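One structure is given here, and the rest of the page talks about it.
Every chain is numbered from 1 and lettered A, B, ... according to where its sequence line falls, protein lines coming before strand lines. From a predicted model like this one, the values you see are computed outputs, not experimental measurements.
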There are 4 protein chains.
Amino acid sequence: MERELTTAIRRPRADSLRNREKLLAAAAAVFRETGGQGTLEAVARTAGVGIGTLYRHFPTREALFEAVYRREIDQLDDLSRELAEDDDPVAALRRFLHGMVGMVATKKGMVAALAIAIDGSCDIAVYSFTTLSAAMQRLHEPAVASGRLRPDVSADDILQTVIGMCLARREDRWEGAVTRLADVFLDGLLVPEAPAMALRRESARG
Amino acid sequence: MERELTTAIRRPRADSLRNREKLLAAAAAVFRETGGQGTLEAVARTAGVGIGTLYRHFPTREALFEAVYRREIDQLDDLSRELAEDDDPVAALRRFLHGMVGMVATKKGMVAALAIAIDGSCDIAVYSFTTLSAAMQRLHEPAVASGRLRPDVSADDILQTVIGMCLARREDRWEGAVTRLADVFLDGLLVPEAPAMALRRESARG
Amino acid sequence: MERELTTAIRRPRADSLRNREKLLAAAAAVFRETGGQGTLEAVARTAGVGIGTLYRHFPTREALFEAVYRREIDQLDDLSRELAEDDDPVAALRRFLHGMVGMVATKKGMVAALAIAIDGSCDIAVYSFTTLSAAMQRLHEPAVASGRLRPDVSADDILQTVIGMCLARREDRWEGAVTRLADVFLDGLLVPEAPAMALRRESARG
Amino acid sequence: MERELTTAIRRPRADSLRNREKLLAAAAAVFRETGGQGTLEAVARTAGVGIGTLYRHFPTREALFEAVYRREIDQLDDLSRELAEDDDPVAALRRFLHGMVGMVATKKGMVAALAIAIDGSCDIAVYSFTTLSAAMQRLHEPAVASGRLRPDVSADDILQTVIGMCLARREDRWEGAVTRLADVFLDGLLVPEAPAMALRRESARG
DNA sequence: TATGAATGAGCGTTCATTCAT
DNA sequence: GATGAATGAACGCTCATTCAT
């Protein structure tokens, strides 16, 4: 997007692009408030354009959904790839959980994106869940391989748990609370150290 | 239909009550299949009564919603009251989580009831969340008081976590998986034993 | 329809039936004026009922079409069956052509019914053309068998010709003119008598 | 596109005329396939120009319609003028009927043009019918004057009959069939010879 | 001048709710 | 009380037409 501004050969797109962005922002807002049920009329009105303009940019509701949510999902995928480089796999997994919670709590359309990933059966829902599942797998597998994570809880289980923690929120500023909950859950996932080793470490601290 | 006109004098309420029950059952079924989007015409048809009869019992869509979901929530409340009698507060809490997961996985309208408790802003949503919050509180407080549960995670946090675990499911038969996840989460909530005590217990087992 | 009035067990249909009739009349009028293109909104408005009522009676445009036009077509079919009893097959065919022209010129929805029979590909169009084709066949076959009608022009050719004569009209009162045209066409279809016989008949007259 | 800006000064009309022709051809094709219902966007796309260009040439849908169909009608008018030179007026009339049928069966937009001439009330419909009426008159009058044609059937009657024969067709390749039907009709229009004369001619043949 | 993005009135359709029977 | 026909606001979507580039 940024790059295209420099390749200024196609000019008559300035306002069109602006409308597209306005529509995406409006859709994110409307869908967030209505749980993805908002009318396209409302999206167009919120964006300040005619309904025809919305349909020119996104010929189906699905297309708008996809445009709105794909970018959100891809950001989580990117985060997972970064953390996969980390040396400590359990720490990387924990950072991913924290990162997810942080992004979902902060970014506008992310909650709706996750809700759709869980609930929907449309193309973007399948894409979203598949992408997130792979992202989680990328960090979960090494963690299990390290022997420090219970192997009987799958990556998808963790993914759905954290998503559930983010979605099942009634209050407003929940980032801290949910981060703590994710930590609690991850603590539960850790293979208990042999007491001897725990005792040894306890002595070292004390 | 014609025949019932003659019996209508002898039992003026029996039919009405039966219709009410048929409508509630039908609504639970229809709302479950459609994610709460089903038409009232479909509910009436499923119940085998006219749309007018539906409206006599439930003057708005909202009212039907409320009646359907209140009973689901009340069953969870009942479970909480039973378990509050239990001697071991942590075990009681664990049983409540298991019971919730079991009921939600099994009972027809429960998923939708929880979704509304979390998401909605209507009367029934407020009632549902308040009721469930109190139910969880009833078991959480003694468990924290026993010193075996981390005090920095609230009853509402636990409630929302378990609800989230139930809602964020794409596959079909998830009772086992989510019960295990709830256990993992509860494990994470347990205050770690002093290593010495753990060692002692370890010896006892071996 | 007439008979059902006597079987007066189902009462609550009085106004409903009236609405149905109003809708059929309105549809015939609107479709006639617009060549079958009129909006359903206009039909409902013309009938003086809400659009929802139209949809309750006729859930698709096709269903309304069918209800409007089937009765028109069936009247032509009835006429054909009556005339099939006639002794003189050519006279019967001529009477059928006159009858068609007369009915089409007089009855409200008939022109549109024929237009659809010719033009449409929907169910009612197929039904209409098939029915009319059989009706014409019923009278054409004996006429050809009598040896007095050219055998190289099919019943469908005649049918489409007469329909065409009725449809291709710009002026208002065309019954007389088209009847004469149908006669001219039928004259052209007659196998020329052997001159000797013609001469003989000529003498008889003179 | 960019290049043409430099050549636009040298030939200001060539492109424009070419576009006009492309649009007319595209419109004829699109209207034929859709029964006159095609969108202007589709016409422009088929022509390979922008919708704005279409509107520059034809400021309303009606104007495009008119331009498309006028040329079809004018071809029939030309045919009539040619045949008016013929010596045998009845043969000329027959040739005109054959020619009409042939052109309508073959030429792309002709069926639609006739349908509009008959059905429409717009400018082009009036022009079309008037033109065709005059064309038919030109050939009909001498034929009637020759005494060989029934005088009680008007030129407009013949015109509408032949148009009707062409329009009322459900099958595909109908040129032969309709040509025969037109002949039958014309046969019916011929003034019957006096039997004596027929007998004389019969003898001459035998 | 050519382009195609923007507009919005209008159509087909659904469905919560009302009301006559 | 029960029924289901009637209503009409509102939604999804199309497309003729306008206008900025």
Side-chain angles (χ1 to χ4, degrees), chain A residues 10-20 37-44 47-57 59-61, chain B residues 1-2 4-5 8-9 12-13 15-16 19 37-45 48-62 64, chain C residues 10-20 23 37-44 47-57 59-61, chain D residues 1-2 4-5 7-9 12-13 15-16 19 37-45 48-62 64:
Chain A
R10 314 208 160 213
R11 252 180 308 147
R13 290 282 188 21
D15 62 332
S16 181
L17 265 182
R18 208 165 20 243
N19 274 341
R20 194 189 150 85
Q37 305 286 308
T39 75
L40 298 189
E41 197 76 40
V43 171
V49 304
I51 184 66
T53 302
L54 184 152
Y55 273 91
R56 166 171 285 270
H57 284 282
T60 67
R61 171 175 265 261
Chain B
M1 219 177 299
E2 300 289 337
E4 298 196 2
L5 283 177
I9 291 160
R13 303 230 185 91
D15 285 19
S16 182
N19 275 344
Q37 305 286 305
T39 73
L40 297 190
E41 198 79 40
V43 171
R45 203 182 322 118
V49 304
I51 183 70
T53 303
L54 185 153
Y55 268 87
R56 169 163 297 272
H57 286 284
F58 308 101
T60 67
R61 169 177 253 268
E62 192 64 26
L64 177 58
Chain C
R10 316 212 158 208
R11 251 180 310 148
R13 291 283 188 18
D15 62 333
S16 181
L17 264 183
R18 208 162 24 241
N19 274 341
R20 194 190 150 85
L23 280 165
Q37 306 285 308
T39 75
L40 298 188
E41 196 77 39
V43 172
V49 304
I51 183 66
T53 302
L54 185 153
Y55 273 90
R56 166 171 284 270
H57 285 282
T60 66
R61 171 177 265 262
Chain D
M1 220 177 302
E2 300 288 339
E4 298 195 2
L5 283 176
T7 66
I9 292 160
R13 302 230 183 90
D15 285 21
S16 182
N19 275 344
Q37 306 286 304
T39 73
L40 297 190
E41 199 79 39
V43 171
R45 203 182 321 116
V49 304
I51 183 70
T53 303
L54 185 153
Y55 268 87
R56 169 164 296 274
H57 287 284
F58 307 101
T60 68
R61 170 176 252 267
E62 193 63 26
L64 177 57

Query raised in the report: OH of Y55(C) to OG1 of T60(C): how many Å apart, nearest 0.5 Å?
Result: 9.0 Å
Requested in this report: Could you pick out which residue, H57(B) or P59(D), lies toward the 5' side of DNA chain F when each is mapped onto its nearest nucleotide?
Outcome: H57(B)
Pick out the pairs of N or O atoms, protein on one side and nucleotides 8-10 of chain E on the other, that lie under 3.5 Å.
none

Query raised in the report: If you check every side-chain atom of Y55(B), which of dT17(E), dT14(F), dA6(F) has the closest atom?
Result: dT17(E)
Requested in this report: Measure from CG on D15(A) to P on dG4(E) and round the result to the nearest Å.
Outcome: 14 Å
Query - Between P of dT18(E) and CZ of F58(B), the distance in whole Å - result: 16 Å
Query raised in the report: Quick one: L17(C) CG to dA6(F) P, roughly how many Å, whole number?
Result: 10 Å
Report task. Mind checking side chain to side chain contact (heavy atoms under 4.5 Å, CB included) for R20(A) and listing every partner two or more places apart, or none if nothing turns up? Result -> L17(A), L24(A), H57(A), F58(A), A67(A)
Requested in this report: Would you indicate which nucleotide in dT18(F), dA2(E), dA2(F) comes nearest to any side-chain atom of R56(D)?
Outcome: dA2(E)
**Report entry** Spacing of Q37(A) atom CD relative to dA10(F) atom P, expressed in whole Å
**Finding:** 18 Å
Report task. From the options dA2(E), dG12(E), dG12(F), select the nucleotide whose nearest atom is closest to the side chain of R61(C). Result -> dG12(E)
Report task. Taking all non-hydrogen atoms of both residues into account, name the closest pair between R61(C) and Q37(C) and its distance. Result -> NH2-O, 3.9 Å
**Report entry** Consecutive-pair stems (at least three Watson-Crick or G-U pairs, under 3.5 Å) that include DNA chain E
**Finding:** E:2-21 with F:2-21
Requested in this report: Could you pull out all residues at least two apart from A44(C) that satisfy side chain to side chain contact (heavy atoms under 4.5 Å, CB included)?
Outcome: V49(C), I51(C), L54(C)
Query - dA2(F) phosphate, OP1 or OP2, under 4.0 Å from N19(B) side-chain N/O - result: yes
**Report entry** Non-neighbouring partners of R45(B) that pass side chain to side chain contact (heavy atoms under 4.5 Å, CB included), sequence neighbours left out
**Finding:** E41(B), A42(B)
Query - Nearest-nucleotide 5' precedence on DNA chain E, E62(B) against L54(A) - result: L54(A)
Query - Atom pair distance, as rounded to whole Å: CZ in R45(B) and C1' in dA16(E) - result: 14 Å
Query raised in the report: Where the side chain of L40(C) is concerned, which of dT17(E), dA2(E), dT13(E) is the nearest nucleotide?
Result: dT13(E)
